[in-house]
**Student:** 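I'd like to ask some things about the structure below.
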2 protein chains.
Amino acid sequence: MVKKAITIRDIAKIAGVSPGTVSRAINNSPLVNPETRQKVMQVVKALNYVPNRMAQRLATGKTLNLAVIVPFFTAPSVTERLKGVVSTLARSRYDLIIHNIEDPEQRADCFRTIPRQDRVDGVLVISISPTDEEVPLLAEAGVPIVLIDAHHPALTTLHQITVDDVAGGRAVTEYLIGLGHTRIGFIGDPANNPFNFTSSRDRARGYRQALEAAGILYRPEYYAEGPHGRRYARESAIKMLTLPERPTAIFAASDVQAVGVLEAARELGLRVPQDLSVVGYDDVEIAEILGLTTMRQRLFESGRRGVELLLKTLEDPETEPVYEVLPTELVIRDTTGPPP
Amino acid sequence: MVKKAITIRDIAKIAGVSPGTVSRAINNSPLVNPETRQKVMQVVKALNYVPNRMAQRLATGKTLNLAVIVPFFTAPSVTERLKGVVSTLARSRYDLIIHNIEDPEQRADCFRTIPRQDRVDGVLVISISPTDEEVPLLAEAGVPIVLIDAHHPALTTLHQITVDDVAGGRAVTEYLIGLGHTRIGFIGDPANNPFNFTSSRDRARGYRQALEAAGILYRPEYYAEGPHGRRYARESAIKMLTLPERPTAIFAASDVQAVGVLEAARELGLRVPQDLSVVGYDDVEIAEILGLTTMRQRLFESGRRGVELLLKTLEDPETEPVYEVLPTELVIRDTTGPPP
DNA sequence: CCGGTTCTTTAAACCGGTTTCATTATACAA
DNA sequence: TTGTATAATGAAACCGGTTTAAAGAACCGG
């Protein structure tokens with residue numbers, strides 16, 4: 001039932017040459033007579049022969065696969081970066097293998113088992129900063145690795161593409177302070193989390209720096225952290241906005257969380273931006289739809305750039321490792337204004 | 001510099017057995033003495049040995065790869081289905097290769113080159129219904145294929161998971177008619193498109209059926225089709241809503257397009273739902289956020305189910321092909337009401 | 001006409017596993 | 001004690017390519 005696949009030896013026999021010659025003919029080796037090549041190619045075409053990929057891979061040691069490791073595929077910011085990766089890779093000869101990480105265990109597994117020469121030729125890691133323990137795993141991996149939206153100071157041999165989240169957090173907060181706000185809340189992800197997500201933590205750091213620089217006292221009741229997502233952000237916002245002295249502005253560590261804040265405001269009958277200013281982070285599509293003021297990151301671009309660096313390194317392994325900080329840009333829309 | 005990888009023969013030598021025995025020990029073959037296995041496994045662990053995947057693949061003829069072919073990764077409904085796929089596959093031993101299709105040429109290429117035994121063990125196709133010419137390619141492919149949100153009557157040997165878009169379109173329209181609307185617009189994708197996307201076309205068909213059944217005349221000026229996306233939908237809606245006799249309700253073929261309609265309404269100063277009712281399709285996250293009435297599809301579920309069927313077929317190739325129609329459900333939120 | 005190149009080609013080794021087949025050791029029944 | 005079934009193992013073939021080493025053929029100048 002399953003028709004036997006044609007092998008290089010079949011072609012060789014029919015063309016009256018040796019398998020080695022067929023291989024050379026196919027791979028445009030200069031070590032083959034043009035006439036012979038033509039004869040071989042004729043047979044190849046006639047039988048519709050395509051070399052077995054796995055055999056090629058075993059023989060050459062190249063997999064022609066790249067892997068991308070992403071955490072929760074669910075977050076729109078992650079998907080957006082992935083789009084950049086996929087679309088840049090579309091025209092290359094590499095296949096892209098996706099590894100989704102949904103719990104810390106998987107993560108350790110991935111770092112251990114994926115970056116191996118026999119599995120892939122290169123790896124992209126999105127939004128997962130390696131821990132100190134993981135550094136050696138990555139530093140000594142057998143294949144080139146590029147970190148996107150992730151970094152570790154010790155990994156000087158890897159390409160790293162990041163944004164300056166501390167500066168971003170500071171800029172957002174300074175903008176709110178500039179509008180006249182002094183009671184500014186922050187809602188983000190847990191600073192300590194099993195995935196070592198650093199962006200929320202860094203943005204919070206920038207937030208505190210800006211407050212301090214402006215001589216505004218940091219108030220713990222204006223700071224909330226919890227699981228990523230709308231629901232938790234909404235709950236936190238409600239808690240914060242029903243304090244005796246509520247904040248007049250809330251800075252959310254992501255657009256998704258900002259949406260939760262907007263929902264809370266609506267629920268409490270607070271007008272945005274008259275009663276409450278809200279700022280997000282990322283500028284995913286929903287931010288534009290809702291008219292959310294936010295800090296734009298070049299998400300798609302980060303994926304694109306990561307692939308470029310990876311391909312370049314695959315071509316020339318001596319490529320100098322790059323540490324690139326992508327710019328951010330505050331996009332002011334309709335959810336921010338002066339305090340009431 | 002590159003440290004030579006450990007092979008099964010190294011392990012064999014150190015453990016004092018033959019490579020064959022090591023292979024059996026690793027693969028839990030019953031043909032190996034428990035003591036021997038333990039001895040071997042000790043060495044394996046000590047040297048941190050992991051079998052070379054490519055060699056395994058070549059030897060077994062299994063690639064341990066599955067491919068998923070998706071069109072524009074950009075559409076949220078596609079991403080949602082993909083999430084179902086990725087998350088269901090997470091715990092399996094298969095790797096997932098993503099093929100993004102952005103133009104018709106790539107598409108033909110994919111159908112021709114991907115479903116080969118030496119590349120993958122199985123294929124998922126999302127939202128791309130094969131054309132008549134492509135049917136033989138898929139029917140005679142060397143590996144099992146599952147169509148998700150896609151179908152073709154001639155492909156009786158493949159699993160197919162679809163929704164009844166005609167019925168869905170009809171249901172939405174009937175709902176609007178039930179509210180009292182008679183001037184109902186439709187905005188969707190081109191019925192004839194190079195990708196053979198069928199969902200918008202089918203929903204439009206249901207829309208016309210419902211109108212006809214209710215004795216409402218179909219008006220061409222109430223029907224618009226164009227490139228998927230908010231922008232075009234917004235423009236079409238504006239055109240439609242500035243007609244001398246404007247529709248009192250608009251049915252958009254997707255939530256993304258419904259958002260465009262909402263933007264148009266806002267721009268024109270029309271209140272939703274008092275002046276205009278809007279219904280979307282899919283129930284992606286943004287629909288919930290915006291309170292959009294929409295026809296819910298189990299997007300995530302469709303991906304999950306597709307993977308289940310594929311895995312089952314890989315385990316038992318004799319599995320009967322399934323043609324499954326997933327249910328839809330009208331979710332009524334805040335964008336629909338009686339006509340003004 | 002001979003030795004040395006250059007150009008082609010073949011045979012065989014190799015990549016690193018799995019699997020078949022033969023062999024040996026052990027257990028058990030007659 | 002012998003014969004036979006059973007369990008465990010090793011040797012070798014195999015998967016389907018690529019690549020190296022060796023060899024043959026053609027051509028050159030001297």
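Reminder, nothing fancy here: chain letters follow the sequence lines and each chain counts from 1. Atom set for the values below is all heavy atoms of this structure, side chains included, hydrogens, waters and symmetry mates excluded.
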**Student:** Whether the S129(B) and N196(B) side chains hold a donor-acceptor pair (N or O, under 3.5 Å, no angle test) is what I'd like checked.
**Tutor:** no
**Student:** Heavy atom of residues 31-48 of chain B under 4.0 Å from DNA chain D: which residues?
**Tutor:**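 Those residues whose heavy atoms fall under 4.0 Å from DNA chain D, taken from residues 31-48 of chain B in numerical order, are L31(B), V32(B), N33(B), T36(B).
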**Student:** Using a heavy-atom distance cut-off of less than 4.0 Å, which residues of residues 51-64 of chain A contact DNA chain C?
**Tutor:**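 Residues of residues 51-64 of chain A that come under 4.0 Å of DNA chain C are, in numerical order, L58(A), A59(A).
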**Student:** Could you tell me whether R119(A) and D95(B) have a side-chain N and a carboxylate O separated by less than 4.0 Å?
**Tutor:**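 Between D95(B) and R119(A) there is a salt bridge, with a charged N closer than 4.0 Å to a carboxylate O.
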**Student:** Go through dT18(D), dG16(D), dG17(C) for me and flag the one nearest to the T7(B) side chain.
**Tutor:** dG17(C)
**Student:** Can you tell me if S302(A) and R81(A) form a side-chain donor-acceptor pair at under 3.5 Å?
**Tutor:**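 Yes.
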**Student:** Does T21(B) put a side-chain nitrogen or oxygen below 4.0 Å from OP1 or OP2 of dT9(D)?
**Tutor:** no
**Student:** Quick one: is Y49(B) getting a side-chain N or O under 4.0 Å of the dG16(C) phosphate, OP1 or OP2?
**Tutor:**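 No, no such contact exists.
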**Student:** How many Å lie between CD1 on I11(A) and C1' on dT18(D), as a whole number?
**Tutor:** 16 Å
**Student:** Return the 5'-most residue of the pair R9(A), G16(B) with respect to DNA chain D, ranking by each residue's nearest nucleotide.
**Tutor:**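 This one resolves to G16(B).
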**Student:** Over how many whole Å does the gap from N27(B) atom CG to dG16(C) atom C1' extend?
**Tutor:**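 Interatomic distance, CG of N27(B) to C1' of dG16(C): 13 Å.
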**Student:** Regarding dT20(C), can its base be found pairing with the side chain of R24(B) as donor and acceptor, where the two atoms are less than 3.5 Å apart?
**Tutor:** yes
**Student:** What is the distance from atom CZ of R298(A) to atom CZ of R304(A), rounded to the nearest 0.5 Å?
**Tutor:**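 So the CZ of R298(A) and the CZ of R304(A) are separated by 9.0 Å.
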**Student:** Between R305(A) and E308(A), is there a salt bridge with N-O shorter than 4.0 Å?
**Tutor:**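 A salt bridge links E308(A) with R305(A).
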